Amino acid sequence: METKVFEPGSEIKERARIKSMEEYRALVEEANKDYEGFWGRLAKEKIDWIEPYKQVLDDSNAPFYKWFIGGKLNVSYQCIDRHLDKRKNKAAIIWEGEPGDKRIITYLELYYEVNRFANLLKNRFGIKKGDRVVIYMPMIPEAAFAMLACARIGAIHSVVFGGFSAEALRDRIIDAKAKLVITADGAYRRGKPYLLKPVVDVALAKDCESIEAVLVVRRNNEEIKWHEGRDYDYNELIVQESPNCEPEIMDSEDPLFLLYTSGSTGKPKGVQHSQAGYILWAQTTMEWVFDVKENDTYWCTADVGWITGHTYIVYGPLAAGATTMMYEGVPVYPDAGRWWRMIEEYRVNQFYTAPTAIRLLHKMGENEPDKYDLSSLKILGTVGEPINPDAWMWYFMKIGGGECPIVDTWWQTETGGHMISPLPGATPIKPGSATFPLPGIFAEIIDQEGNKKEPNEKGYLCITKPWPSMIRTIWGDDERFVKSYYSTCKKNGKPVYFSGDGALYDEEGYIWITGRMDDVINVYGHRLGTAEIEAAIGHHPRVAEVAVVGKPDDIKGESVFAFVVLKSDEGVADELEIMKEINKVIVKDIGPIAKADEIAFVPGLPKTRSGKIMRRILRAIAKGEEIKQDTSTLEDPSVVEKIIEVVKR
Ligand code: PRX
């Protein structure tokens with residue numbers, strides 16, 4: 001654990017909204033004393049209500065909490081319309097394509113784009129409040145327009161990351177019973193055009209009866225097939241729509257979007273978020289954690305297909321009236337200086353990215369940042385996984401010039417927004433620690449009975465009170481929601497939210513995340529369920545059994561390590577061939593992000609007598625560690641030696 005502490009400098013203190021630990025503690029105290037009063041105050045101050053709410057929190061049906069009962073609002077109004085008086089000509093979105101093409105969209109233009117899009121959805125496709133719309137898009141402004149257009153008419157969007165395969169897309173379409181898919185012909189990546197629309201065609205080839213139409217945005221004008229009567233050309237249709245569209249009046253608790261994420265079983269979970277609670281926290285954390293100011297340019301490098309892209313590229317920055325940047329391509333095209341050049345050119349003030357990207361860029365160009373003027377930067381952020389001190393120091397010194405606080409933000413798809421994070425003008429930071437819970441967030445490290453852990457003792461990272469931007473349920477599966485999040489830990493006899501992560505306090509109460517306690521792994525900052533990868537590998541006809549574990553990796557965070565038992569004793573003469581085939585199955589079922597880095601063909605898996613696979617043993621073997629676990633309870637203890645032999649080869 002790093003012991004260095006970096007205090008916020010005077011410049012950042014001066015400009016920050018929360019300027020000291022005293023101010024931070026005062027907010028924490030306010031929430032402690034009067035929890036509902038605290039949230040009610042924020043909701044009144046920050047949301048432009050169409051009708052005020054009547055009650056802050058309804059906990060009568062826990063854990064199905066409800067916030068801001070009776071309130072009426074529209075999230076697209078909160079993100080766009082209400083800024084027009086003061087900011088109509090301010091850049092809302094600055095976008096750069098990978099080939100270098102640029103678009104700057106002002107708030108007024110955004111208003112027209114979103115309204116036209118909303119009218120198109122309503123008038124042409126009959127999309128109504130509550131209908132589900134799947135968005136399978138590259139990083140182009142239309143992805144944001146599509147999300148906001150859904151919000152405007154009350155449709156529930158489900159953005160599916162463009163790196164997911166046709167099968168994965170199909171599963172999500174079916175689960176949500178979506179009516180419409182919005183996609184693009186393709187986009188640019190690593191200097192080349194690629195295609196998305198054909199993936200949609202494959203997905204829709206079976207079992208997607210709910211889909212009535214496909215709307216295609218033309219980005220790279222590559223040739224694609226058009227299905228008469230099903231596929232529509234966005235660029236042709238959009239110009240025919242009126243630029244005015246009344247926002248639908250939404251209830252605080254109406255669903256805003258679904259976002260599928262991995263859990264410990266094979267089936268992804270449709271995390272359901274609400275309107276008011278979500279947008280309140282997206283906006284508040286933008287202000288507190290990134291401290292965006294009127295003239296700032298804020299850049300988050302995530303993809304809109306993940307929660308970070310939802311909350312901190314689209315909803316949070318726009319609700320806060322900020323200028324948000326969006327970039328289409330990879331960080332290393334045409335070279336490892338691409339992002340640094342963009343920071344210089346656009347004079348970016350806040351930069352938010354993932355540790356895996358920092359490690360990659362560090363490795364590819366240690367001194368590359370020296371070539372650029374990065375002095376506009378004020379605040380740096382990280383998200384998605386613990387950051388190692390090496391990467392942290394490089395980011396801090398080379399990118400931030402030793403003067404920009406790093407906000408290491410811990411949160412999840414389910415939490416909607418930041419939960420644990422430094423405040424840039426207040427918190428003394430330690431490399432690798434997400435520091436303290438934000439005011440109003442009761443994040444605690446406890447045992448399963450709710451006793452707070454002593455320093456340096458690992459425990460369950462829980463959130464012991466409900467919060468406005470929390471997951472409402474898993475789409476269509478209330479039972480799984482309760483089981484996944486509210487069945488592991490209790491406090492004062494009542495179930496509390498368990499994040500799935502382990503963590504510990506240090507002597508000064510700083511929180512250090514130690515990683516997932518379930519079978520979820522983190523590859524390139526992407527959350528993947530080992531069960532999902534196992535299910536995919538199991539589809540290969542020669543595979544009898546499989547167990548997947550994460551193995552620590554210097555760049556990716558974790559790599560995918562698969563232990564595979566093949567059917568029959570034909571041997572594995574064609575080992576390389578089968579490995580390739582297995583990866584093909586993974587790419588088909590999930591997408592290239594889940595490919596196995598290492599596959600070991602083993603004679604058996606370490607199982608208890610009741611048939612449970614002892615993954616801890618496999619994790620240790622993958623890491624090349626000594627086996628400390630007691631193997632005598634295994635059905636066949638000798639299998640462990642045999643596996644080690646295979647892996648050593
Ligand atoms: O394990 C934690 C890790 O990412 C998980 C959440 O993944 P996802 O829902 O995809 O959301 C990622 C972006 C919010 C968490 O359970 N994680 C996230 N942020 C951090 C982190 N681990 C350590 N430090 C962080 N700052």
Side-chain angles (χ1 to χ4, degrees), residues 1-2 159 161 163-164 258-264 268-271 273 278 281-282 285 289 300-313 315-316 352-359 380-389 391-392 395 406-422 427 429-438 441 443 445 458 460-463 469-471 474 484-485 488 497-504 510-530 532 550 552 556-558 593-594:
M1 229 186 271
E2 238 341 276
V159 183
F161 173 57
F164 277 124
L258 310 179
L259 184 55
Y260 284 82
T261 190
S262 299
S264 38
K269 306 184 265 199
V271 172
H273 279 288
Y278 173 79
W281 196 230
T285 49
V289 176
C300 163
T301 67
D303 189 286
V304 288
W306 308 108
I307 191 69
T308 309
H310 283 59
T311 310
Y312 297 110
I313 295 178
Y315 288 113
Y352 189 34
T353 194
T356 181
I358 298 168
R359 289 191 298 262
L380 300 173
T382 69
V383 56
E385 53 180 319
I387 180 164
N388 49 308
W392 195 98
Y395 194 35
I406 296 179
V407 290
D408 178 343
T409 59
W410 178 87
W411 60 296
Q412 309 178 291
T413 305
E414 292 87 343
T415 69
H418 301 150
M419 296 282 105
I420 305 174
S421 171
T427 317
I429 47 178
K430 298 186 186 182
S433 168
T435 73
F436 307 110
L438 290 172
I441 302 301
I445 306 167
K458 194 172 144 183
Y460 296 78
L461 179 55
C462 289
I463 303 167
S469 66
M470 67 190 294
I471 173 177
I474 292 172
S484 303
Y485 306 106
T488 308
Y497 177 88
F498 171 48
S499 64
D501 280 8
L504 45 85
Y510 279 70
I511 295 174
W512 298 76
I513 312 294
T514 54
R516 300 287 306 194
M517 292 169 86
D518 53 10
D519 294 319
V520 169
I521 59 175
N522 198 318
V523 180
Y524 281 129
H526 300 324
R527 176 168 159 186
L528 296 169
T530 53
E532 267 169 90
K556 299 168 91 170
E558 280 182 288
I593 43 171

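All ligand and atom numbering here is 1-based and tracks the order in the structure. Please read all numbers here as calculations on a predicted model, not as lab measurements.
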Is the shortest distance from a Lys or Arg side-chain nitrogen in R516 or E558 to a carboxylate oxygen in the other one below 4.0 Å?
no
If the cut-off is 4.0 Å to any non-hydrogen atom of R527, which atoms of ligand 1 fall inside it?
6 (C), 7 (O), 8 (P), 9 (O), 10 (O)
Check ligand 1 against D408 and write out every atom of the ligand that is under 4.0 Å from a heavy-atom position of the residue.
24 (N), 25 (C), 26 (N)
re atom 8 (P) of ligand 1, the protein heavy-atom contact at minimum distance is T413 OG1, 3.5 Å
Show me which atoms of ligand 1 lie under 4.0 Å from any heavy atom of P386.
22 (N), 23 (C), 24 (N)
Any donor-acceptor N or O pair under 3.5 Å, side chains T311, Y278:
yes
Decide whether W392 and D408 meet the rule of one side-chain donor and one side-chain acceptor closer than 3.5 Å.
no
Can you confirm whether or not the ring centre of Y510 sits under 6.0 Å from the ring centre of F436?
yes
Ligand 1 atoms nearer than 4.0 angstrom to some heavy atom of D501 are 1 (O), 2 (C), 15 (C), 16 (O)
Ligand 1 versus Q412, non-hydrogen atoms closer than 4.0 Å: side chain, backbone, both, neither?
both
Give the ring-plane orientation class for W411 versus H418, where under 30° counts as parallel, over 60° as perpendicular and anything between as tilted.
perpendicular
Looking at W411, which atoms of ligand 1 are within less than 4.0 Å of one of its heavy atoms?
6 (C), 14 (C), 15 (C), 18 (C), 19 (N)
Residue-ligand contact W306/ligand 1, heavy atom below 4.0 Å
no
Of T308, T415, I420, T261, which has the heavy atom at the shortest distance from atom 13 (C) of ligand 1?
T308
Measure up the Y312 and Y352 rings against each other and bin them: parallel (under 30°), tilted (30 to 60°), perpendicular (over 60°).
perpendicular
Run the contact test for G384 against ligand 1 with a 4.0 Å cut-off on heavy atoms, strictly below, and give the result.
yes
Using a 4.0 Å heavy-atom threshold (strictly under), name the region of R516 that reaches ligand 1: side chain, backbone, both or neither.
side chain
Centroid-centroid under 6.0 Å between F161 and H526 rings
yes
Using modelled atom types only, decide if a donor and an acceptor are shared between the side chain of S499 and the backbone of L461 within a distance under 3.5 Å.
yes
At less than 4.0 angstrom from any non-hydrogen atom of V383, what atoms of ligand 1 do you find?
13 (C), 14 (C)
